[in-house]
Amino acid sequence: MNAFPTPPKWPSILSRITAGLSFPWAFTFFYLGIMLLLPAAAVFTKAIALGPAEFWRIATAPMALSAYNVTFVTAFAAAALNGVMGTLIAWVLVRYDFPGRKIVDAVVDLPFALPTAVAGLALATVYNDQGWVGQWFAPFGIRIAFTRLGVFVAMVFISLPFIIRTLQPVLQELAPEVEEAARSLGATPQQIFMRVILPPLMPPILTGVALGFSRAVGEYGSVVLISSSIPFRDLIAPVLVFQRLEQYDYGGATVIGAVLLLVSLVLLFMINQLQQWGRRYAIR
Amino acid sequence: MGIVVENISKRFGHFQALDQVDLVVPDGKLVALLGPSGSGKSTLLRAIAGLESPDQGKIWINGQEMTHLNVQERQIGFVFQHYALFKHLTVRQNIAFGLEIRKVKGAEVRRRVNELLDLIQLQGLGDRYPAQLSGGQRQRVALARALAVQPQVLLLDEPFGALDAQVRKDLRRWLRDLHHQVNLTSVFVTHDQEEAMEVADEIVIMNEGRIEQVGTPQAVYDNPATPFVMKFVGEVNILPSGLHRTHAQMGSSVFIRPHAIKIQSQPTATSLAATITHVVYRGWGVHVELMLSDRIPLTAQLDRQEWEFLGVDTGETVQVELQEAIAFADGQQQSGNPPLLFR
């Protein structure tokens, strides 16, 4: 069923895979292959070329382990916080009408639009010891900018829109009748929220958290400006990769990159499974 | 006992949804609120349920005043047009919802749910999710969910409105039979007069936030209190005043049901000449569209034998006899006087 005959110059393996596939299928495979699979495969092959012993040594070096910890744990904390706060904000934006709602709604996208370096600069300005926010914490010995807390703040900032934008359309589609039905059956507002509203929102909340988490793991520009990038303190893995490259240590850079890639893939797959489970009732 | 509504008004902005409405729904009866959209029927139902708070007036259910109670405290069952099922819960979990809120014990919940699954004839489908059911099945689940908490009254807002014609017919018969079984005071909203006629013990006809008439299906059809009821319930021909000689002095329109028009070939003292413009065969009968001499359209309804006996067809001129015409004096709508019948 090949609408477009396969060009003969294609590598034979590729044409064997795509033979018998319709044009949209073949195109999808080709596109995903070039855009996603190939770069990922390149990182893995390069990293594996170092040999398993060397790979393991670089991947589990104390500095690398600390960098994974800072990256993944902080990103998870940021995504989890946004899971709660983003849900609240989305709820307010959908359910409440107040002056300036449209403006607030537009501002939510700011982290999408702002170049990450600008975001980092802005956050460092506000959260340093003399900044608008930082000055209130400094007397208590809490430093935000140039510590792991600063990394957390940057990750919260850049991952916030994901949860809100994922949840908004779902909230808009929630039928008010369903809540009225629960009320007519005697449910209190708390019971309605916990038993009727929240369960169908869990899949989009998880999707939003997963997207926000992935974004936070991959964040570089804003974090590099608000952290001091000191190993074992607030050095994140992507910055470590960059430092390795600066030192012409391409092997080290690809190994850490490969680990990042692998962990992200596994986590995304797990969240995907969780979403499927959350959506079980939608399957006909 | 039953439901008593006293002097209820409700305004949405500039729109008067309910205008000083009084209504009594007798205990154990199945009553239809019938009216066009915007007539206030849904608002009245929602006010009884406590989903809408009226601007003034009082509501009693089974002798207890409910006006200032929450929906949760009113012990009502409510069924929505679009089912409003909890789509993340199975059929069983949906039906059990109200019982679990009331902290009924697990074994008792299971017993009640099984009983209700029998009642709605969905015994095998308890573990399905709403998305896996048809519209008619979903509405039956919604009904079981509402009945599970043993409400004092059952309120249904356009319960068949979202269903296909055939399913709707089956389900409304089923609802009527179910009501005979459980004998629960029930009110349902509909804009479909046929549905109201078929299901309800009593029909409440509403228009522009007011009640036009309350009566049995036969009463509202045979003795409409106002021109609105006459037009809304059943088909009707509206003729300008002065057309009919016995009615010349009344100065308002004359209403004639299609079956009250007799077609004949020979003129009499009271007959009028008309031309047949179209004939619609309806199985059991024939709808004849006619045009009177002064370009006034008229629809008559005959049974098949009568029609075949006449032996006329489209384009031919016949004589029509207007029997059982009903007229309303001006201002009748407010006074509610019985209509003037004449022959």
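A, B, ... follow the sequence lines: proteins, then strands. Residue 1 opens every chain.
At a threshold of 4.5 Å between non-hydrogen side-chain atoms, the residues B:Ser186 and B:Val153 do not count as touching. Side-chain contact between B:Phe160 and B:Asp192 is absent, with no heavy-atom pair separated by less than 4.5 Å. The closest side-chain heavy-atom distance from B:Glu195 to B:Phe188 is below 4.5 Å.
Proximity to chain A is absent for every atom of B:Arg74, based on heavy atoms less than 4.5 angstrom apart. Both the backbone and the side chain of B:Phe78 have a heavy atom closer than 4.5 Å to some heavy atom of chain A. When heavy atoms are compared at a cutoff of 4.5 Å, A:Ala181 approaches chain B by way of both its backbone and its side chain. Contact of B:Arg128 with chain A is not made at all, since no heavy-atom distance falls under 4.5 Å. In this structure, chain B has a heavy atom under 4.5 Å from the side chain of A:Gln191, while its backbone stays farther away. Of the atoms belonging to B:Leu155, not a single heavy atom falls under 4.5 Å from chain A.
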Would you check, one step at a time, whether the test salt bridge (Lys or Arg N to Asp or Glu O under 4.0 Å) holds for B:Glu115 with B:Arg112?
-> CA-CA 5 Å; B:Glu115 223 175 77; B:Arg112 283 286 293 152; 2.9 Å; yes
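Both the sub-6.0 Å distance and the 45° axial angle are not jointly satisfied by B:Arg140 relative to the ring of B:Tyr83.
Classification of the B:Phe97-B:Phe86 ring pair by plane angle, with boundaries at 30° and 60°, yields tilted.
Top candidate by heavy-atom pairs under 4.5 Å with chain A, chosen from B:Gln72, B:His82, B:Arg145, B:Arg102, is B:Gln72. Per-residue counts of heavy-atom pairs under 4.5 Å with chain A were compared for B:Glu73, B:Lys87, B:Gln81, B:Gln75; the largest is that of B:Lys87.
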